[in-house]
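This chain uses plain numbering: 1 for the first residue, then up along the sequence.
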Amino acid sequence: MKDLFSEHSELYQQARPTYPQSLVNSLIKQLNGFACAWDCGAGSGQLTQLIAPYFKQVVATDLSQNQLDQAPALPNVRYLQQAAEQPVFADQSFDLITVAQAIHWFDFEKFYAEVKRTLKPDGLFAVIGYGLIQLDDTDLNQRIDQLYHYTLKGFWDAERRYIDELYQSIPFPFEEISMPQFQIELSWTGPQLWDYLNTWSAVKHYQDQQHVSPLASLQDILQIQQPIGIRFPILLRVGHLAASE
């Protein structure tokens, strides 16, 4: 598993979008128990804090202690620094295991072995993510699209392709459940969008190699304060353990 986000963990916590309550409600309806959940690759707790109210206990893990340090303190949540593929949990511990915007960095085979080991026989496993940002402002949307597909081409880590492929190409050795489609809908100012773009791993790679920001041409236009309507398509794979496991 890669750690690309420790260095800018505070910005990540402030600038990354949160998930819609409708998505959480849909997952909760699928559950058989509410004793314990594991949010893996939790980062600064964007999803952790949304699922915490439903469980007696939640364990949130991440490779980056810097990220976890930015997460909200909640009475029933324990934060642990550990790799997704090497958790310290007992067999059949969890009613729900979630991974939000992180599965593409994992070693699938090793992580899935741990999911199968630690998930209760009637537990639920949910892989969640979000795709490329979409803006209501047509001109700005084209500029972001140009940035993503052309300016930053060659600077994205190879694993990013799983997001471009909407998580449909990741292996998923579970009995999959059909789920509704969801999207994140937000209203951001220019500076909020600027902060979000600065959390892109490819932006950091570009700056490290080219010694100039790939966002320079957007800096002036993103000083605008009027709200910009934005959307992120939600990526979602949800399943149970196969009957034979």
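- Here the closest non-hydrogen pair linking Leu68 and Ala60 is CD2-O, 4.3 Å.
- The shortest non-hydrogen separation linking Thr118 to Ala90 is CG2-O, 3.8 Å.
- Nearest approach of Trp38 to Ala84, heavy atoms of both residues: CH2-O, 4.0 Å.
- For the pair Lys116 and Phe174, the cation-pi test (distance below 6.0 Å, angle within 45°) is passed.
- To the nearest 0.5 angstrom, Ile51 atom CD1 is 5.5 Å from Leu96 atom CG.
- Side-chain contact between Asn25 and Tyr54: present, with at least one pair of heavy atoms (C-beta onward) separated by less than 4.5 Å.
- Scanning for salt bridge (charged side-chain N to carboxylate O under 4.0 Å, His left out) contacts around Glu176 gives Arg237, with sequence neighbours left out.
- Counting only distance, with no hydrogens or angles, the side chain of Glu85 and the backbone of Lys110 share no donor-acceptor pair below 3.5 Å.
- Residues His205 and Asp157 bring a donor and an acceptor atom of their side chains to less than 3.5 Å of each other.
- Scanning all heavy atoms of the two residues, the minimum distance from Ala102 to Gly41 falls at CB-O, 4.0 Å.
- One N or O on the side chain of Asp95 and one on the backbone of Ala35 form a donor-acceptor pair closer than 3.5 Å.
- With Asp122 contributing its side chain and Asn32 its backbone, the two residues share no donor-acceptor pair below 3.5 Å.
- For the 3.5 Å distance criterion, the side chains of Asn66 and Gln70 fail to qualify, holding no donor opposite an acceptor.
- The ring-ring contact (aromatic ring centres under 6.0 Å, His included) check on Phe155 picks up Tyr206, with sequence neighbours excluded.
- In terms of heavy atoms, Leu241 sits closest to Lys120 at CD1-O, 3.8 Å.
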side-chain contact (heavy atoms from CB on, under 4.5 Å) between Leu23 and Ile184, worked out | CA-CA 10 Å; Leu23 167 63; Ile184 300 168; over 6 Å; no
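- We find the CD1-OG distance between Ile234 and Ser26 to be 11.5 Å, quoted to the nearest 0.5 Å.
- A donor-acceptor pair under 3.5 Å is formed between the side chain of Asn141 and the backbone N or O of Leu135.
- No side-chain heavy atom of Trp194 sits less than 4.5 Å from a side-chain heavy atom of Leu197.
- The closest side-chain heavy-atom distance from Pro87 to Arg117 is below 4.5 Å.
- Atoms CG and CD1, from Leu235 and Ile128 in turn, are 10.0 Å apart once rounded to the nearest 0.5 Å.
- When all heavy atoms of Ala52 and Val77 are compared, the pair lying nearest together is CB-CG2, 3.8 Å.
- The 12-atom threshold is exceeded at CD of Gln81, counting heavy atoms of other residues, nucleotides or ligands nearer than 6.0 Å.
- Side-chain N or O atoms of Tyr130 include none that pairs as donor or acceptor with a backbone N or O of Pro17 at under 3.5 Å.
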Using the side-chain contact (heavy atoms from CB on, under 4.5 Å) rule, take Leu218 and Leu140 through it: C-alpha gap first, then chi angles, then the decisive distance, then the call.
-> CA-CA 9 Å; Leu218 292 169; Leu140 198 49; 4.3 Å; yes
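- Hydrophobic clustering places Val212 together with Trp156 (ILVMFWY residues linked when any side-chain heavy atoms are closer than 4.5 Å, directly or through intermediates).
- Between the side chain of Gln219 and the backbone N or O of Leu215 there is no donor-acceptor pair closer than 3.5 Å.
- The OG1 atom of Thr18 sits 6.0 Å away from atom CD of Gln49, with the distance rounded to the nearest 0.5 Å.
- When hydrophobic clusters are built by joining Ile, Leu, Val, Met, Phe, Trp and Tyr residues whose side-chain heavy atoms come closer than 4.5 Å, directly or via intermediates, Ile133 is not grouped with Tyr150.
- Under the 4.5 Å side-chain criterion, counting only non-hydrogen atoms from C-beta, Gln30 is not in contact with Leu27.
- How far CZ of Arg143 is from OG1 of Thr151: 11.0 Å, rounded to the nearest 0.5 Å.
- Looking only at distances, a side-chain donor or acceptor of Asn76 sits under 3.5 Å from a matching main-chain atom of Phe55.
- We find the OG1-CG distance between Thr48 and Asp39 to be 3.5 Å, quoted to the nearest 0.5 Å.
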Pair Leu119-His240, side-chain contact (heavy atoms from CB on, under 4.5 Å): steps then yes or no | CA-CA 9 Å; Leu119 192 64; His240 294 289; over 6 Å; no
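- Residues Asp62 and Tyr79 have side chains not in contact (no heavy-atom distance under 4.5 Å, counting atoms from C-beta outward).
- Contact of the Leu124 side chain with the Ile177 side chain is registered, since non-hydrogen atoms from C-beta on lie closer than 4.5 Å.
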Start with the C-alpha distance between Arg160 and Tyr148, add both sets of side-chain angles, then the distance that settles side-chain contact (heavy atoms from CB on, under 4.5 Å), and finish with yes or no.
-> CA-CA 11 Å; Arg160 178 74 194 188; Tyr148 183 87; 2.8 Å; yes
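- Contact check for His149 versus Asp164: no side-chain heavy atoms found under the 4.5 Å cut-off.
- Applying the 6.0 Å contact sphere to CD of Gln181 captures no more than 12 heavy atoms from other residues, nucleotides or ligands.
- Looking at heavy atoms from C-beta onward, Phe125 lies in side-chain contact with Val99 at the 4.5 angstrom threshold.
- The number of heavy atoms from other shown groups lying within 6.0 Å of CD (Glu109) does not exceed 12.
- Screening Tyr167, Trp105, Phe108 for a ring-ring contact (aromatic ring centres under 6.0 Å, His included) with Tyr162, the sole residue that qualifies is Phe108.
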